[in-house]
Amino acid sequence: MTLEAENHSLTVGSVVDMAGVTRGKVVPAARTTNFQDTGMGASPSWNVFCVDDALAFTPKFSVEGDLRLRIDKRELRPLGHGVLWAPANFHHQNGTVAEVCTRSALARVELRLADAGMSALIGHEIEFVLVGAVPPERWSAYGLGVVLEQHAFITSLLAAAELAGLPVEQFHAEYGHNQFEISLAPRRPVEAADNLVLARILISSVAREHGLSASFSPLPTAGESGNGAHMHMSLASGDVPLFSGGDGPHGLTSRGASAIAGIVGNLGDLMAVLAGSVLSAERLKPGMWSGAYQCWGLENREAAVRFCAGAPGSASSSNVEVKCVDPTANPYLSTAVILGAALEGIEGDARLPPEVTINPALLTDAERDHAGVRILSARIEEQLTALAASPVATRVLGAHIIEALSSVRRREHETYGAADIATVAEKLRFAWTS
Ligand code: GLU
Ligand code: MG
C-alpha cells in the first residue's frame, strides 16, 4: 500500500525561498501523485518573497508567468496527524526544471561531483531557541538538568523524527538561554538538505504542541547567543576518503587539501548566500564561535572552516565543519556553493593556505596578513558585489538565482538595516519557524 493511501489526509510540499523561509502548498493526500506529476501553480514571485512577506520584484520575477511546484515523491515522509510531507522543485509549465529552483541547483552540483568521480556527505547541525522553556535563572549552558526538564518535548521530537525517518544523531543544551541543538546524520547533499528542512518543520510543530515556540533566527534576542547552521562535509573518491589517509597536514590528501583551499578561498564571495540577512551581522562576529574569520584550522572554533579529525580507529570520519553559515541561508544554496567551491578547488589544484592553530583574534596583524586571514564581511553591499563577481557562484547558482537572492537580501537591508537591532530581532524572531 502506498503511504498516501494509509490514513493520510494531507500532503504538504515545501520549498525554501531566498530569505531561508520555508513555504509550501497542501493537497488532499489522494492528489499526491498529481502534486508530483503536474505540480501545483506558484507565481514566480515566490522566489522574491522577503523574510517579512514583502515582494522584492526584479525584471525576471514579477507578476506575470507561472511556475509549478512539483514534489519529489521518493522523499515522501509521514509527519503524524495524517499529514505527509515532501520537498518540492520549481518547474516551468512545460515540465522543464526552472532555472531558479534551488533544490535542482544543488542536485546539479552533486552530479558535477559524481561526474568527477567523487561524492560528498553532509551533516547539518541545527541550533534553535525554545522560547518559553526554562526561566533564565535556571538555565545552564550544556546543562543536563535543563535537557531532562524538557524530556517531554525531546521525547515527542524523537518520536516524530523516527516516524518521519529523520536520522537524529544527538541533542544537547547549547550555550545561549533556552538554546538547544540537534545534529543530523551525514547524508548525500540533497537528502541532507531535505532532512534539514524536515527537521525544522518537526521542531517547530512539536514545540507548538508543547506550548513552546522554536526560533531559528541568527539573533533570537539582541545581546544573546546566535543560532548557527554549521555544516559538516566529507568527500570521497569512490570509497577513498579525501580528508584522511593522505600525506598532507592531519592526513589530508592533496585533493582534500585543495577542497578546503577552495572553500576557504571562496567564502568571502559567498556570504550573501551563507549569512546575508539583516540579523546575520550581529552573529557573525569574533567571539561568537560563529566562524567569522576566513581561515581554517584543526578543531578551531573561531575559524570559518574547522577541520574535525576522525576519532582514533575511524580516521575516515574526518570532515570539515563550515561554521559561518546561519539559518537564514537556504540549505540547498548554502550546500551548493560550499560544495561547488570545494569541487572547483580540487579542479584548480588550489593551494591550502596556512593553518590557523589558535584563536585568530590573538594573531598579530602581520601574522593575519601572512595567513591571509580576514574577518568575513557581513556588509550587504560588499556581500552582493562579491557574489555578482564570483565565478563559483555564477556557475553553481546561475543568473536567475543570483538575481532573486540579491534582490531579497538587498530589500531586507533597506527595510531594516537602519532600525534598532533589538526591535528587528524581536520582529523576525519566528520568521524562519515552519
Ligand atoms: N551558536 C554559535 C553560532 O552561532 C555556535 C556555537 C557552537 O556550537 O560552537 O554559530
Ligand atoms: Mg552548536
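Whatever order the structure lists ligands and atoms in, that order sets their numbers, starting from 1.
- Aromatic ring pairs are classed by plane angle as parallel below 30°, tilted from 30° to 60° and perpendicular above 60°; the pair W139 and H177 is perpendicular.
- With 3.5 Å as the limit, one finds no donor-acceptor pair spanning the side chains of E125 and S183.
- No other N/O/S atom of E127 lies as close to the Mg ion (ligand 2) as OE2 does.
- Counting only heavy atoms of the protein, atom 4 (O) of ligand 1 lies nearest to R283 NE, 2.7 Å.
- Protein heavy atom closest to atom 6 (C) of ligand 1, with residue, atom name and distance, is E127 OE2, 3.5 Å.
- Neither the backbone nor the side chain of D326 comes within contact range of ligand 1; no heavy atom lies under 4.0 Å.
- Looking only at its N/O/S atoms, E174 has OE2 as the one nearest to the Mg ion (ligand 2).
- Within the 2.8 Å limit, E125 places no N, O or S atom next to the Mg ion (ligand 2).
- Note: H250 and F307 have parallel aromatic rings, judged against thresholds of 30 and 60 degrees for the angle between ring planes.
- Restricting E181 to its N/O/S atoms, the shortest distance to the Mg ion (ligand 2) is reached by OE1.
- If you check the side chains of H81 and E209, you find a donor sitting under 3.5 Å from an acceptor.
- Cation-pi check for R23 over F49 is met; the charged atom lies under 6.0 angstrom from the ring centroid and within 45 degrees of its normal.
- Contact atoms of ligand 1 toward N227: 4 (O) (distance under 4.0 Å to a heavy atom of the residue).
- For G226, the closest heavy-atom approach to ligand 1 falls below 4.0 Å.
- Heavy-atom contacts of H230 reach the following atoms of ligand 1: 3 (C), 5 (C), 7 (C), 8 (O), 9 (O), 10 (O) (cutoff under 4.0 Å).
- Heavy-atom separations between E174 and ligand 1 include at least one value shorter than 4.0 Å.
- Taking a cut-off of under 4.0 Å to the non-hydrogen atoms of S290, the atoms of ligand 1 that pass are 10 (O).
- With hydrogens left out, the protein atom closest to atom 9 (O) of ligand 1 is K323 NZ, 3.3 Å, a heavy atom.
- Ring planes of F180 and F171: tilted class, angle from 30 to 60°.
- For the residue pair S280 and D326, a side-chain donor N or O sits within less than 3.5 Å of a side-chain acceptor on the partner.
- Taken from OG in S277 to CG in L428, the straight-line distance is 7.5 Å, to the nearest 0.5 Å.
- Residues Y293 and N300 bring no donor and acceptor atom of their side chains to less than 3.5 Å of each other.
- Close approach of ligand 1 to M288 (heavy-atom distance below 4.0 Å) involves ligand atoms 2 (C).
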